[in-house]
Trainee: 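One structure is given below, represented as structure tokens, and several questions about it will come after.
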Amino acid sequence: MEEDTGALPRKESFSEWYNEILWRAEIMDVRYPVKGLYVWYPHGFGIRKRAYGILRDLMDRDHAETMFPLLIPKTEFMKEAEHIKGFEDEVYWVTHGGRNELDVPLALRPTSETAIYPMYALWIRSHTDLPLKLYQVVNTFRYETKHTRPLIRLREITSFKEAHTVHASWEEAAAQVEVALGLYKEFYDTLRVPVILSRRPDWDKFPGADYTIAVDTIMPDGKTLQIGTVHMLGDHFSRTYAITYEDANGEQQYGYQTCYGISERSIAAVVSVHGDDKGLVLPPAVAPIEIVVVPIIVGKRRDEVLASATALESELRDAGFAVKLDARDMRPGAKYYHWEMRGVPLRVEVGPRDVDANTVVAVTRTGKKTTLDRRGVVEGITSVLSTFGEDLSQAARQAMAARITAVATLEETAEAVKSGVAVVHWCGSQECAEKIEAAVDASIIGSDIRSDLIAVSDGPCVVCGGEGRSALVARTY
RNA sequence: GGGGCAGUAGGGUAGCCUGGUCCAUCCUAGAGCGUUUGGGACGCUUUGACGGCAGUUCGAAUCUGCCCUGCCCCA
């Protein structure tokens, strides 16, 4: 792993900035020799580990974790016609075992509905088995033909958290969709990433779903990134896979299902939303190192300062912080740059002056400097870190708000989507959506918008003038 | 899916058209030694590459073919 030095490209050149920060901050190494597959550096994986720990804790409230196989027999995979159509061009097939051709080819899961639901059919017998709510965190494979991008568009999604639920009625399933959206909202609140929820147009929903609610954020270049989806499957799959239960009256009924997922795009969002010209900026909740202690070692007082820094490190570790003492033989400035690139939320400096005054100097990743009393340092740091996290949320919200524009004409829409998201009135027809796309080089991505940054209203469709309601128009990743 | 450009050490470049001590050069890269240390220190020594596979040739970073990988534009 190379030492980072020199300036990062400015964040305004987002694409360049993104590519470079991934290796400079040691998140992903893109040099793996297969297109669309990338390697997690330990630091990047540490971020993933903490983020997915949060996600697992949220899921575990109301779901059980499980693990299904990677390979799906073609016979099961091909059962659900609409679903296949949505994925058939992207599936990797295993056709051989050693030198022998397989009787039934095996698909590398692009998503696991067709692996899980045949088993659900076996597991579910009675209404007392419902609701069933399971999830797994697995890798999935999609033969992407568009340009691949680390963490964003992958041929191997390494961190797909997918949940699959079964309920006794359509209404219960629909209620679960709302529960899932609540969990995802909470997840992204913890990551300090602001999101917009909206309902995808019918032609853009998950193959085989009744409807899809998406969770999007807005990237620094104004394009939206879908960082979560929740699908109402209705009884579509349960009819195909014969997921039935006996109700209280002894009648056989089909189950109603939902599924929802989050991938490492969540990490891409954290990196992109918070990062700045100096590197990564991590919310304390996902930082593998929350605090770095930098001893300012000068000549004769070296041992004294080092002892003080070491004692501070232990005290902070005992208090439950992820803390690292950087005692390397380098100039302090070089260390500051090193940890700033990697997004460490808080740096604590201990030098001879601090030893004398019985203080420490705490500097947040965004440059807020506080001198703390050495006694009661845990309380002081807890408070500094919590304020830092809240400040990140606020800054991210403001940045997002600045990229959202309510517009009334196609000309204004075209202008708005160059740097962000436009909110238009739209009648809901595919015909008008296509006209918008043709006119403004961006698409209708959702209606039924839910965001406290967007005021939803009725109004005349921006294309046909018919009755319309607020919808999002954006360029997307 | 269609078109274009590219791949040389950890990173950045030159050399290619016009094959031949050209295995070059730069860096805030790596290793070692010493002096340093409150915002990217300095000196000396040293390491390391022509994307892969075939072909042409006495000889290939350079020419030919295929493949892989990356970037940009269009759909």
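We use all heavy atoms of the structure for the numbers below, so side chains are in, but hydrogens, waters and symmetry mates are not.
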Trainee: Tell me which of A:Arg155 and A:Tyr143 sits closer to the 5' end of RNA chain B, going by the nucleotide each one is nearest to.
Mentor: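 Its nearest nucleotide lies further toward 5', so the answer is A:Tyr143.
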Trainee: How far does the C1' atom of B:C63 sit from the matching atom of B:G48, given to the nearest Å?
Mentor: 28 Å
Trainee: Flag the pair A:Cys259 / A:Tyr117 as yes when at least one side-chain heavy-atom distance between them is below 4.5 Å, and no otherwise.
Mentor: yes
Trainee: What do you reckon, do A:Tyr336 and the base of B:G39 stack, with centroid distance below 5.5 Å and planes below 30°?
Mentor: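 One would not call A:Tyr336 stacked on the B:G39 base.
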Trainee: Write down the distance separating the C1' atoms in B:G10 and B:G1, rounded off to the nearest Å.
Mentor: 37 Å
Trainee: Would a 4.5 Å heavy-atom cut-off, applied to side chains only, mark A:Arg374 and A:Thr359 as touching?
Mentor: no
Trainee: Distance check, P atoms only: B:G52 and B:U35, in whole angstrom units.
Mentor: 44 Å
Trainee: So what does A:Arg347 touch, heavy atoms closer than 4.0 Å: a base, only the sugar-phosphate, or nothing?
Mentor: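 Base contact.
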Trainee: Identify the heavy atoms of A:Leu55 and A:Ile262 that sit nearest to each other, and give their distance.
Mentor: CD2-CG2, 4.0 Å
Trainee: Provide the distance between the two C1' atoms, one in B:C22 and one in B:A60, to the nearest whole Å.
Mentor: 13 Å
Trainee: In the structure I gave you, are the side-chain heavy atoms of A:Phe45 and A:Lys49 within less than 4.5 Å of one another anywhere?
Mentor: yes
Trainee: Using the P atoms only, state how far B:A24 lies from B:G51, rounded to an integer number of Å.
Mentor: 16 Å
Trainee: Looking at A:Arg331, does any N or O in its side chain come under 4.0 Å of the phosphate oxygens OP1/OP2 on B:G38?
Mentor: yes
Trainee: When you compare B:C27 with B:C68, how far apart are their C1' atoms, in angstrom units rounded to a whole number?
Mentor: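 About 29 Å, rounded to a whole number of Å.
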Trainee: Check the distance between B:A29's C1' and A:Arg31's CZ and give it to me in whole angstrom.
Mentor: 12 Å
Trainee: Base, sugar-phosphate or nothing for A:Gly367? Non-hydrogen atoms, less than 4.0 Å.
Mentor: nothing
Trainee: Where the side chain of A:Asp354 is defined as all heavy atoms beyond and including C-beta, which of B:G1, B:U36, B:G38 is the nearest nucleotide?
Mentor: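 Of B:G1, B:U36, B:G38, B:G38 is nearest to the side chain of A:Asp354.
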Trainee: Please give, in whole Å, the distance from B:C73 C1' to A:Asp441 CG?
Mentor: 13 Å
Trainee: Could A:Arg475 and A:Asp221 be called an ion pair, given the rule that one side-chain N must be under 4.0 Å from one carboxylate O?
Mentor: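 Not counted as a salt bridge, because no side-chain N and carboxylate O are separated by less than 4.0 Å.
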Trainee: Does A:Lys35 have a side-chain nitrogen or oxygen under 4.0 Å from the phosphate oxygens OP1 or OP2 of B:G70?
Mentor: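 It does, given that an N or O in the side chain of A:Lys35 lies less than 4.0 Å from OP1 or OP2 of B:G70.
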Trainee: Please state how far atom NE2 in A:His147 lies from atom P in B:A6, giving the value in whole angstrom units.
Mentor: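 So the NE2-P distance, A:His147 to B:A6, works out to 16 Å.
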Trainee: Find out whether A:Phe321 and A:Val378 are in side-chain contact, i.e. whether some heavy atom of one side chain is under 4.5 Å from a heavy atom of the other.
Mentor: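 They are in side-chain contact.
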Trainee: At less than 3.5 Å, do the side-chain atoms of A:Glu340 and the base atoms of B:G39 form a donor-acceptor pair?
Mentor: yes
Trainee: Return the value, rounded to whole Å, for the distance between atom CD of A:Glu437 and atom P of B:A75.
Mentor: 13 Å
Trainee: Would you call A:Arg48 and A:Glu264 a salt bridge, taking side-chain N to carboxylate O under 4.0 Å as the test?
Mentor: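 No salt bridge links A:Arg48 with A:Glu264.
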Trainee: Considering only B:U36, B:C72, B:G70, which nucleotide approaches the side chain of A:Ser15 most closely?
Mentor: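 Looking only at heavy atoms from C-beta outward on A:Ser15, the closest nucleotide is B:C72.
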Trainee: Can you tell me the distance, in whole Å, between the CD atom of A:Glu16 and the P atom of B:G11?
Mentor: 17 Å
Trainee: Which dot-bracket notation, 5' to 3', represents the base pairing of RNA chain B when pairs are defined as Watson-Crick or G-U with both distances under 3.5 Å, crossing pairs as [ ], and inter-strand pairs as |?
Mentor: (((((((..((((......[...)))).(((((((.....)))))))...(((((..]....)))))))))))).
Trainee: Can you tell me how far P of B:G39 sits from CZ of A:Arg365, to the nearest Å?
Mentor: 17 Å
Trainee: Tell me the closest heavy-atom pair linking A:Val281 and A:Arg365, and the distance in Å.
Mentor: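 Looking at all heavy atoms of both residues, the closest pair is CG2-CZ, 3.7 Å.
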Trainee: Atom CZ of A:Arg24 and atom C1' of B:A29: how far apart are they, to the nearest Å?
Mentor: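 So the two atoms are 12 Å apart, to the nearest Å.
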Trainee: On a whole-Å scale, what distance lies between the C1' atoms belonging to B:A54 and B:G15?
Mentor: 25 Å
Trainee: Do you know which two heavy atoms are closest between A:Ile445 and A:Ser198, and how far apart they sit?
Mentor: O-OG, 4.1 Å
Trainee: Distance check, P atoms only: B:U25 and B:A14, in whole angstrom units.
Mentor: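 Straight-line distance between the two P atoms is 16 Å.
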Trainee: What integer distance in Å separates A:Asp89:CG from B:G1:P?
Mentor: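 Nearest whole value for this atom pair: 9 Å.
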